[in-house]
Amino acid sequence: MKALITGGCGFIGSHVVRAFLADGWAVTNLDKLTYAANPANLDGVSGAAYRFVEGDLCDAALARDLVSGTDLVINFAAETHVDRSLLDPAVFARTDVEGVVCLLEAVRADGRAAFVQMSTDEVFGSLPAGVEAKEEHPFAPGSPYSASKAAAELMVRAYAETYALPATILRACNVFGPRQHLEKFIPLFITRALAGEPMPLYGDGLQEREWLYIDDLVEAIRLIVRSLPASGLARFNIGSGERPPNIEIARQVCALTERPVGLIQPVADRPGHDRRYALDSSRVRAMGWTPRMDIAEGLRRTVAWYAANRPAARGDAAFEAYFRAQYGVRLGTVPGGD
Ligand SMILES: NC(=O)c1ccc[n+]([C@@H]2O[C@H](COP(=O)([O-])OP(=O)(O)OC[C@H]3O[C@@H](n4cnc5c(N)ncnc54)[C@H](O)[C@@H]3O)[C@@H](O)[C@H]2O)c1
């Protein structure tokens, strides 16, 4: 069986590429190698079953070529950082919406491959306390990132309904673990803590995210892929049910890295920052999936990985420029602000 996996040099994609190769799939990995990619995420991956193609999701001819003869297309390629979507929404519309349409067109032309789109709990926007979003919950995206993911979902749904294209949407909560880009919340806090540097926490830190360890997400994907629909649309929420506030994650990182909590520095909040995400994942749980890793153990493993891979995981010049632009004024290391 042949799979086209896009975004395979990113965080989630690289774990899934490894898992699918281990399961005996022939895998083609299409990745544009944006700033978010890390080819080292696939160190040691080689052999006849694996092919890497550097290219853009939005290249229609390339997408058609790669989809042809493929059994399964899983789309992880995306612009994924909410903070960056506030700085440059257009690239999110292009990759996360146009790119998905491009892939869908290729799948439609091919007429054979099943299509899986990776989406996010953020499409539901901020939820009141006590509410968990089921698969049918209405969209209320609050950021350019989540709006682009919601738009992509609507295109997938339109293709499933209009062309009976077999499609599956996976909505994961926040995922964490080894090989995640340094600028995301948990890796950023771990690497800052390890270096003894201030950890910039947005607002009051009471925003609630649902956290799932990467291996548990991979297992859910493996399970769902085994029974994809022959036609029409399937949707699955994939969450752990564990929803500590951000400040609690920050404190746990301090404990695990043996650094004082005084390193946690509250800074001006992100505009439009959603307060709370929560998924009802009973559909995938009914299929027999259950997360095995609790946050405490997942964080312990993640801290251990970043500690062992610190030189590679520390930022390059582009990251340092991004960090200064995003946090410099907030942390008071760059003049400006009110
Ligand atoms: N990480 C999470 O917590 C999380 C949670 C829910 C959903 N998701 C979704 O899962 C998917 C993967 O997320 P991630 O955290 O691994 O992302 P990531 O930012 O680590 O990796 C994204 C990858 O996509 C590639 N890419 C970007 N634009 C491209 C383009 N135009 N053409 C080809 N490749 C391109 C990048 O080079 C990179 O390798 C995304 O669709 C994201 O929206 C992520």
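Indexing begins at 1, ligand by ligand and atom by atom, following the structure's order. The first residue in the sequence is number 1, and the count goes up from there. Quick note: numbers below take in every heavy atom, side chains included, and nothing from hydrogens, waters or symmetry partners.
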Considering only NZ, NE, NH1 and NH2 on the basic side and carboxylate oxygens on the acidic side, decide whether D216 and R292 come within less than 4.0 Å.
no
Closest to atom 9 (C) of ligand 1 (heavy atoms only, candidates R209, M118, Q117, H15) is M118
Nearest protein heavy atom to atom 16 (O) of ligand 1, by residue and atom, and its distance?
I12 N, 2.8 Å
Measure from NZ or CZ of R84 to the centre of the six-membered ring of Y145 and say whether it is under 6.0 Å with the direction within 45° of the ring axis.
no
Sub-3.5 Å N/O-N/O distance, L57 and ligand 1:
yes
Using a 4.0 Å heavy-atom cut-off, which part of T80 comes near ligand 1: side chain, backbone, both, or neither?
side chain
Minimum-distance protein heavy atom relative to atom 5 (C) of ligand 1
C173 O, 3.2 Å
Among all protein heavy atoms, pick out the one at the shortest distance from atom 22 (C) of ligand 1; state its residue, atom name and that distance to 0.1 Å.
A78 O, 3.6 Å
Would you say A77 has any N or O atom under 3.5 Å from an N or O of ligand 1, going by distance alone?
no
So, R171 versus N237: side-chain donor-acceptor pair below 3.5 Å or not?
yes
Numbering as shown, the atoms of ligand 1 that approach A36 to under 4.0 Å (heavy-atom distance):
19 (O)
Does the cation-pi check pass for R179 over F11, that is, NZ or CZ under 6.0 Å from the six-membered ring centre and within 45° of its axis?
no
Which of the atoms of ligand 1 are close to D56, meaning less than 4.0 Å from one of its heavy atoms?
30 (C), 31 (N), 32 (N)
Looking only at distance, does F11 have an N or O less than 3.5 Å from an N or O of ligand 1?
yes
Which bit of S119 gets closer than 4.0 Å to ligand 1, counting heavy atoms only: side chain, backbone, both or neither?
backbone
Within 4.0 Å of some non-hydrogen atom of N174, the atoms of ligand 1 are 3 (O)
Of N75, V67, I74, the one forming a side-chain contact (heavy atoms from CB on, under 4.5 Å) with L4 is V67
In the protein, what heavy atom is nearest to atom 40 (C) of ligand 1, and what distance, to one decimal place, separates them?
F76 O, 3.3 Å
Which residue and atom name correspond to the protein heavy atom nearest atom 21 (O) of ligand 1, and how close is it?
G10 CA, 3.4 Å
Applying a heavy-atom cut-off of 4.0 Å, say which part of Y145 lies close to ligand 1: side chain, backbone, both or neither.
side chain
Are a donor atom and an acceptor atom from the side chains of N246 and Y202 found within less than 3.5 Å of each other?
no
Modelled atom types, side-chain donor and acceptor of S126 and D274, under 3.5 Å:
no
Specify side chain, backbone, both or neither for L33, according to which of its non-hydrogen atoms lie closer than 4.0 Å to ligand 1.
backbone
With a sphere of 6.0 Å drawn around CZ of R157, does it hold more than 12 non-hydrogen atoms of other residues, nucleotides or ligands?
no
Proximal ligand 1 atoms for K149, defined as those under 4.0 Å from one of its heavy atoms:
40 (C), 41 (O), 42 (C), 43 (O)
So for ligand 1, is D31 a polar contact partner (N or O within less than 3.5 Å, distance only)?
yes
Taking distance alone, with N or O pairs closer than 3.5 Å, would you say K32 contacts ligand 1?
yes
Under the 3.5 angstrom rule, does the side chain of N41 hit a backbone N or O of C9 as a donor-acceptor pair?
yes
Tell me if the aromatic rings of Y213 and F176 count as close, with their centers under 6.0 Å from one another.
yes
Atom pair CZ/CE of R226 and M287 - distance to nearest 0.5 Å
8.5 Å
Atoms in ligand 1 flagged as close to G55, the criterion being non-hydrogen separation under 4.0 Å:
32 (N), 33 (C)
Which residue supplies the protein heavy atom nearest to atom 3 (O) of ligand 1, what is that atom called, and how far is it?
V175 N, 2.8 Å
Cut-off 3.5 Å, side chains only: do K184 and T80 have a donor facing an acceptor?
yes
Are F189 and L212 joined in one hydrophobic group, where the rule is that I, L, V, M, F, W and Y side chains link up if heavy atoms are under 4.5 Å apart?
yes
